[in-house]
Amino acid sequence: MAIMSEHLIVLPDRDDAERVAEDLREEGLGEVRVVREALAGEDDGEDHEWAIYVRVETVTDEASAVGQGLKERFSALAEEHDGWYDDRTGGPD
C-alpha cells in the first residue's frame, strides 16, 4: 500500500510559485500544481496568494528521514520566497 504525503507551499507571488512548481515537476516529485489560495476572512481578490500543491508517493511513513527531508525542503522554499508551508500529510491512498 502506497503512502501519499500532501504538502502546500503558499507564496505571495504567482511567478515565484510557477517557477518553484516547474522545478519540482522537473524533479519528478509526483503531482505538482499551482492554485490560487484565498486568505481566510478576505473577500478582496487582491488578497489571494499562490499555493503549490505537492502530492508525493512515499515508501515509508512521514516520520522517516525522506519524509522529514521533504518537509524541511518545502519549508525552506516557502521561507526563501516570503511564504509559508503547510504539511498536509495524507494517509494511505
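Both backbone and side-chain heavy atoms feed into the values below; hydrogens, waters and symmetry mates do not.
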In sequence, state the C-alpha distance, the side-chain angles, and the governing distance for Tyr53 and Glu6, and then conclude on side chain to side chain donor-acceptor pair (under 3.5 Å). CA-CA 7 Å; Tyr53 172 81; Glu6 296 178 346; 3.1 Å; yes
From Glu31 atom CD to Glu57 atom CD, the distance as rounded to the nearest 0.5 Å: 12.0 Å
Minimum heavy-atom separation for Ile52 to Ala17, with atom names? CD1-O, 3.5 Å
Determine all donor-acceptor pairs shorter than 3.5 Å in which one atom belongs to a side chain in residues 76-83; sequence neighbours excluded.
none

Which heavy atom of Ala21 sits nearest a heavy atom of Val32, and at what distance? O-CG1, 3.7 Å
What's the spacing between Leu8 CG and Phe74 CZ if we round to 0.5 Å? 11.0 Å
With sequence neighbours left out, the residues meeting side chain to side chain donor-acceptor pair (under 3.5 Å) with Glu26 are none
Heavy atoms only: give me the nearest Leu29-Val56 pair and the separation to one decimal. O-CG2, 3.2 Å
Name the orientation class of the two ring planes belonging to His7 and Tyr85 (parallel below 30°, tilted from 30 to 60°, perpendicular beyond 60°). parallel
Pairs flagged by side-chain hydrogen bond (donor to acceptor under 3.5 Å, both in side chains) wherever residues 8-18 is involved - sequence neighbours left out: Asp16-Arg19
Would you compute the distance between atom CH2 of Trp84 and atom CG of Leu11 and round it to the nearest 0.5 angstrom? 10.5 Å
